[in-house]
Amino acid sequence: MDLELKEMLAAVQKPARYIGGEPGMITKTVSDMGARFAFCFPDLYEIGMSHLGMKILYGLLNSLPDVACERVFMPEKDMIEQMRLHGRTLWSLESMRPVKEFDIVGFTLQYEMSFVTTLKMLKLADIPLRSADRSESDPLLVAGGPCVCNPEPLAPFFDLFFLGEGEEQMAEFMAFFKEEKRKGTPRQELLRKATAIGGVYVPSFYTPEYHEDGTIRAIRHEPFAPEKITRRIVKDMDKAYYPESFVVPFIEIVHDRTVAEVMRGCVRGCRFCQAGFIYRPLREKTPETINRQAKALCDNTGYDEISLASLSTSDLSGIVPLLEELIDWTKDEKINVALPSLRVDNFSKELLDKITSVRKSSLTFAPEAGTQRLRDAINKNVTDEDIDRTVRIAFEGGYTAIKLYFMLGLPTETDEDLKGIIDIAQRILGIFSHTENRPAGKGVTVTVSVSTFVPKPFTPFEFEPQITTEEIKRRQELLYSQNNSRKIVIKCHDKGTSYLEAVLARGDRRLADLLEMLADREDAFFETCEHPNEAAWEECFQALSVDPSFYAHRTRPYDEIMPWDHLDYGISKSFLIRENKRAHESKTTPDCRGGCAACGANRLKGGRCFD
């Protein structure tokens, strides 16, 4: 480490964010590699280091012959000031090499509000933002992650996007890239050849055309490029790559524990949930595989907590046998097993006994809506009886604090639905007071966390408008006014953040100028991308004559061409339309195990989702 960098680190908080050297870090001689990959997470170190997908792909890429993958995170403001003061560009943690010297710079796009941060990182790295402005000596810019299901606002900046899951796709692409690099293939020819790789989307080969009203008339593509790009999936999770060790940070991160992925996909079909659709079909790991991977991670990292990760962990068909296997060794080693994704309708005393055998972790459930009518409209398939039974089991098991997740602004929502949220919380207080064997001498707390509905691509609600910020504020105030108990704590998500997220989630390429303008501003965010400066964004909207309501607040007809319609995530538009109509009739659809709803995802797995 040079003297100048030492001076920079002495001037910032949390210098460990920028130095690497953590246990589990993988180092290779970068200059000798056939492909040098800078893996960028467009947020702070503490957030990026908590992300499971980055851990998987970091290990996978470094397991490939002649490939070096190094981590890069968004610096905090104090470090950005030091970088500018000393004329330093963004560097990787493993070799401290400038990012612009890598062959490939890859981003994982987990959250729409990080689009601006992505461009800020490119500016800090001194890499030209627009793909059209980059030369043969510049890195290839790629991205993956859930936001790639609509990457159009970022399309002018990236050379290519990876649709779907990366374990097999990335290995195939890196082998292809190394060969083309060896042959000296020019960038444009390399991109043209890359279109033959399944799940690779090269946006420069696609051109949207617009009607006078601003909607899309057509999406044209080059003759050699596929009309639609289909996402990749891992069909057999037991055979998929999974690391035996993680990098263990020197400082506390958001999720400071080891993570065992138990399955991908979800059978439930909640109509607001993008992840529940874009990760279909459901694919489980066996209890034996999960147990083996969890044991290896604990042995190699020293963590004393395992989180069983999925969209709905209690839906794992072998959840009880798995917990029995885990408890065999975690109990003696005092390792906690956490299930962060529990369903109200399949929670049982048997499950509670298993997860509390070492020590209690928090219990969180997501009814999502305050009345049965609205839960039916969003296809939550949870009843009041399910909620009451679940919290009673929890109280009898010694819990005194319950956290509930709800959404505000869901399609067809009324004030009565909102009042129902407080009714549920108050009913839970009553259940506690009438539970005979509840914990003695302890009070109860019900935390109600309320986020604002954001319409997302590839969901039945992609056609729906988001309510205005004024209406969000009114409904939040209504919720607060209904609460007359100190035992009920209400926490509402920032209305401005949800609004801007909706703009980007359903945006198109015409938002690229907006993102670039925001990337040039120091005041686009107050802190991280979770705290946007609404005034700064509004100034940019006005300067570029962008109407954000066109993207966030407009109902979209079923026959409108969406900016993402040339991307195929396995979910047919006809299915989304059917589900949207059923939502407005408050009709539910059974989960995938209860009967196939013909969403289309079965073709990704070869024709059948379940045996």
Expected output: side-chain [X] to main-chain [Y] donor-acceptor under 3.5 Å:
| X | Y | value |
| --- | --- | --- |
| Trp91 | Val99 | no |
| Tyr18 | Met79 | no |
| Glu112 | Glu501 | no |
| Lys120 | Arg521 | yes |
| Ser50 | His255 | yes |
| Ser131 | Pro156 | yes |
| Thr301 | Leu297 | yes |

Where [X] and [Y] come nearest, the two heavy atoms and their spacing:
| X | Y | result |
| --- | --- | --- |
| Pro563 | Glu152 | O-CG, 3.4 Å |
| Arg232 | Gly198 | NH1-O, 2.9 Å |
| Phe250 | Tyr45 | N-OH, 4.5 Å |
| Glu516 | Leu119 | N-CD1, 3.9 Å |
| Arg554 | Arg506 | O-NH2, 3.2 Å |
| Gly265 | Leu282 | O-CD1, 3.5 Å |

Taking the side chain as every heavy atom from C-beta outward, state whether [X] and [Y] have any pair of such atoms under 4.5 Å apart.
| X | Y | value |
| --- | --- | --- |
| Pro455 | Phe463 | no |
| Phe173 | Ile104 | yes |
| Gln274 | Pro457 | yes |
| Met49 | Arg71 | yes |
| Ile56 | Glu261 | yes |
| Pro153 | Arg509 | no |
| Phe158 | Pro151 | no |
| Lys456 | Phe272 | no |

Audit row: Glu94, Ser92, side chain to side chain donor-acceptor pair (under 3.5 Å) steps and yes/no: CA-CA 6 Å; Glu94 277 71 10; Ser92 67; 5.1 Å; no

Candidate pair Glu180 and Arg192, rule salt bridge (charged side-chain N to carboxylate O under 4.0 Å, His left out), full reasoning: CA-CA 12 Å; Glu180 298 305 318; Arg192 188 190 67 78; over 6 Å; no

Might you confirm whether atom [atom1] of [X] has over 12 heavy atoms from other residues, nucleotides or ligands at distances under 6.0 Å?
| X | atom1 | result |
| --- | --- | --- |
| Glu227 | CD | no |
| Glu4 | CD | yes |
| Gln13 | CD | no |

Glu522 bridged to Arg84 by N-O distance under 4.0 Å: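 Salt bridge flag = yes for Arg84 with Glu522.
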
Short N-O contact, Asp236 and Arg283, less than 4.0 angstrom: no

Going from [atom1] on [X] to [atom2] on [Y], what distance comes out if it is rounded to the nearest 0.5 angstrom?
| X | Y | atom1 | atom2 | answer |
| --- | --- | --- | --- | --- |
| Ile80 | Arg88 | CD1 | CZ | 15.5 Å |
| Lys193 | Glu179 | NZ | CD | 8.5 Å |
| Glu539 | Leu544 | CD | CG | 11.5 Å |
| Asp508 | Ile561 | CG | CD1 | 12.5 Å |
| Asn62 | Ile26 | CG | CD1 | 4.0 Å |
| Leu511 | Leu504 | CG | CG | 6.5 Å |

Residues Thr258, Asn300; criterion side-chain contact (heavy atoms from CB on, under 4.5 Å); working and verdict: CA-CA 10 Å; Thr258 195; Asn300 293 327; over 6 Å; no

Tyr499 and His553 aromatic ring geometry - parallel, tilted or perpendicular at 30°/60° bounds: parallel

Mutual orientation of the aromatic rings belonging to Phe246 and Tyr242 [parallel < 30°, tilted 30-60°, perpendicular > 60°]: perpendicular

Audit row: Phe115, Leu518, side-chain contact (heavy atoms from CB on, under 4.5 Å) steps and yes/no: CA-CA 10 Å; Phe115 287 1; Leu518 286 163; over 6 Å; no

Determine, using ring centers only, whether [Y] and [X] are less than 6.0 Å apart.
| X | Y | value |
| --- | --- | --- |
| Phe224 | Phe205 | yes |
| Tyr569 | Phe277 | no |
| Phe162 | Tyr201 | no |

Test salt bridge (charged side-chain N to carboxylate O under 4.0 Å, His left out) applied to Asp103 and Arg182, Arg97, Lys181, Lys178, the passing residue: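 Running salt bridge (charged side-chain N to carboxylate O under 4.0 Å, His left out) over Arg182, Arg97, Lys181, Lys178 with Asp103 returns exactly one hit, Lys181.
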
Matching residue for Lys573 among Asp559, Asp565, Asp568 - test: salt bridge (charged side-chain N to carboxylate O under 4.0 Å, His left out): Asp565

Derivation and outcome, salt bridge (charged side-chain N to carboxylate O under 4.0 Å, His left out), residues Arg130 and Asp138: CA-CA 11 Å; Arg130 304 257 174 173; Asp138 289 312; over 6 Å; no

Row check, Tyr210 ring normal vs Arg510 NZ/CZ: under 6.0 Å, within 45°: yes

Intermediate values then yes/no, salt bridge (charged side-chain N to carboxylate O under 4.0 Å, His left out), Glu46 and Lys14: CA-CA 10 Å; Glu46 296 92 316; Lys14 299 185 179 181; 3.0 Å; yes

Trace of the side-chain contact (heavy atoms from CB on, under 4.5 Å) decision for Met113 with Phe525: CA-CA 10 Å; Met113 297 305 296; Phe525 301 99; 4.2 Å; yes

Step-by-step side chain to side chain donor-acceptor pair (under 3.5 Å) determination, Thr289 to Asp238: CA-CA 6 Å; Thr289 297; Asp238 283 328; 2.8 Å; yes

Derivation of the side-chain contact (heavy atoms from CB on, under 4.5 Å) call for Leu500 and Trp537: CA-CA 9 Å; Leu500 298 175; Trp537 285 64; 3.7 Å; yes

Asn580 side chain to Glu464 side chain, donor-acceptor N/O pair below 3.5 angstrom: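 Result is yes, a qualifying pair exists.
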
Glu70/Lys28 under salt bridge (charged side-chain N to carboxylate O under 4.0 Å, His left out): CA gap, chis, key distance, verdict: CA-CA 9 Å; Glu70 304 195 1; Lys28 293 185 175 181; over 6 Å; no

